[in-house]
Amino acid sequence: MITIKNITKSFGSLQVLKDIDLHIDKGEIVSIVGPSGAGKTTLLQIIGTLDRPDSGEVIVNGIDTSRLSKRRLSDFRNRHIGFVFQFHQLLPEFTAIENIMIPAFIAGMSRRQAKRRAEELLDFMNLKDRASHKPNELSGGEKQRVAVARALVNNPAVILADEPSGSLDTKNKEELHQLFFDLRNKFGQTFVIVTHDETLASITDRTIHLRDGLIETPETTIETPEICLDSETTPPSE
């Protein structure tokens, strides 16, 4: 689903990512963790084609994104990748359902189709009665669920989330985390989530640890082999 090969990225003299190799399977929910400045958000932005690496390849759903022109890359991003941000970034002048429909309009979906899809997602997220409410009329948890619905409206292969529960209280965090798994089970999306939330990281299928621009490799544990003594074997005397 997502294959990253030898990705490097620098900002001036600061090298943020150093020869990153990573593969994420279809339907996997993966968390990316690490200290501030480790390169987590930069890596997420490169996976999402919002930024270009200095070198290396990013292949998403079988497409080598480095070979796409700027116009084709924008279209690819709209159709294949959904984004969820920490502070939802809903447009305040539009209602919940209108915010969800915007990416569908950009993709060329008819108003009727976009509305039907948005209503389906609102219903799945128990927000059907909030469809005509603007963001300032929604709770923090409701805003973030609308943002997730917006990310899903074009049925993308991949959902990328940057600290999605960072601004939520404990109850809404737990509901959002469960929502990711419910959505994976229903729609089959792949999730890549940058997070400082240890609870969220602990329940994902896999956790990627970044530090100083490198993926940390867990230390190999050396196991002591078991010695089996059968009934006819006498242990050596000390």
Side-chain angles (χ1 to χ4, degrees), residues 1-24 28-61 65-66 68 70 73-74 76-78 80-91 103 140 143-148 150-152 156-168 172-173 176-177 179-180 183-184 189-217:
M1 170 53 65
I2 302 172
T3 300
I4 299 165
K5 299 178 181 178
N6 304 119
I7 289 296
T8 64
K9 181 67 177 181
S10 297
F11 296 100
S13 60
L14 177 64
Q15 189 171 15
V16 179
L17 297 176
K18 306 168 184 176
D19 293 320
I20 298 291
D21 289 310
L22 181 63
H23 179 78
I24 298 170
E28 208 176 359
I29 298 181
V30 173
S31 55
I32 301 176
V33 303
S36 297
K40 303 183 300 297
T41 295
T42 299
L43 178 58
L44 198 74
Q45 290 175 338
I46 288 174
I47 294 172
T49 74
L50 294 172
D51 199 0
R52 295 268 195 181
D54 296 332
S55 61
E57 297 178 350
V58 179
I59 300 169
V60 180
N61 209 18
T65 60
S66 65
L68 300 178
K70 187 175 289 188
L73 193 62
S74 179
F76 174 85
R77 188 186 307 123
N78 173 253
H80 295 273
I81 302 173
F83 296 91
V84 180
F85 304 98
Q86 180 175 353
F87 296 105
H88 59 77
Q89 297 191 5
L90 301 177
L91 298 177
K143 290 175 186 176
Q144 199 61 309
R145 279 184 282 160
V146 170
V148 173
R150 179 185 58 189
L152 287 161
V158 179
I159 300 293
L160 304 179
D162 193 357
E163 298 289 358
S165 57
S167 62
L168 301 179
N172 281 305
K173 279 184 181 183
L176 183 67
H177 297 167
L179 177 63
F180 291 146
L183 289 169
R184 188 263 301 271
Q189 269 91 9
T190 303
F191 284 80
V192 183
I193 306 168
V194 163
T195 185
H196 282 103
D197 191 303
E198 294 180 1
T199 302
L200 174 57
S202 70
I203 63 174
T204 56
D205 299 329
R206 184 159 51 111
T207 301
I208 307 299
H209 295 266
L210 267 185
R211 182 179 293 275
D212 298 327
L214 295 167
I215 293 177
E216 290 187 315
T217 304

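Worth knowing before you read on, the calculation uses all heavy atoms, side chains too, and leaves out hydrogens, waters and symmetry mates.
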Atom pair [atom1] ([X]) and [atom2] ([Y]), whose distance is rounded to the nearest 0.5 Å:
X	Y	atom1	atom2	result
Phe180	Leu200	CZ	CG	7.0 Å
Phe191	Leu179	CZ	CG	7.0 Å
Arg52	Ile7	CZ	CD1	11.0 Å
His23	Ile4	NE2	CD1	10.5 Å

I'd like to know if the side chain of [X] reaches the main chain of [Y], judged simply by a donor and an acceptor atom lying under 3.5 Å from each other, with no hydrogens or angles considered.
X	Y	answer
Thr195	Ala201	no
Lys5	Ile59	no
Lys40	Pro35	yes

Under the salt bridge (Lys or Arg N to Asp or Glu O under 4.0 Å) test, which residues partner [X], sequence neighbours left out?
X	result
Glu28	Arg206
Asp21	none
Asp197	Lys173

Pairwise side-chain contact, [X] with [Y], heavy-atom cut-off 4.5 Å (strictly under):
X	Y	value
Thr8	Asp19	yes
Asn6	Ser55	no
Leu22	Ile2	no
Ile208	Ile24	no
Val148	Leu176	yes

- request: State whether the number of non-hydrogen atoms from other residues, nucleotides or ligands found under 6.0 Å of Asp51 atom CG is greater than 12.
  value: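 Yes, because the 6.0 Å sphere around CG of Asp51 holds more than 12 heavy atoms from other groups.
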- prompt: Excluding sequence neighbours, so at least two apart, what forms ring pair (Phe, Tyr, Trp, His ring centres under 6.0 Å) with His80?
  reply: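 His80: ring pair (Phe, Tyr, Trp, His ring centres under 6.0 Å) contacts with Phe76.
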- request: Could you tell me which residues satisfy ring pair (Phe, Tyr, Trp, His ring centres under 6.0 Å) with Phe83, sequence neighbours excluded, listed by chain and number?
  value: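 For Phe83, no residue satisfies ring pair (Phe, Tyr, Trp, His ring centres under 6.0 Å) once neighbours in sequence are set aside.
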- prompt: With Ile46, which of Ile20, Asp54, Val58 fulfils side-chain contact (heavy atoms from CB on, under 4.5 Å)?
  reply: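 When side-chain contact (heavy atoms from CB on, under 4.5 Å) is applied between Ile46 and each of Ile20, Asp54, Val58, only Val58 qualifies.
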Would you be so kind as to tabulate the donor-acceptor pairs closer than 3.5 Å made by side chains of residues 159-166, with sequence neighbours excluded?
unit_1 : atom_1 : unit_2 : atom_2 : d
Asp162 : OD2    : Thr41  : OG1    : 3.2
Glu163 : OE1    : His196 : N      : 3.2
Glu163 : OE2    : His196 : N      : 3.2
Glu163 : OE2    : His196 : ND1    : 2.5
Ser165 : OG     : His177 : NE2    : 3.0

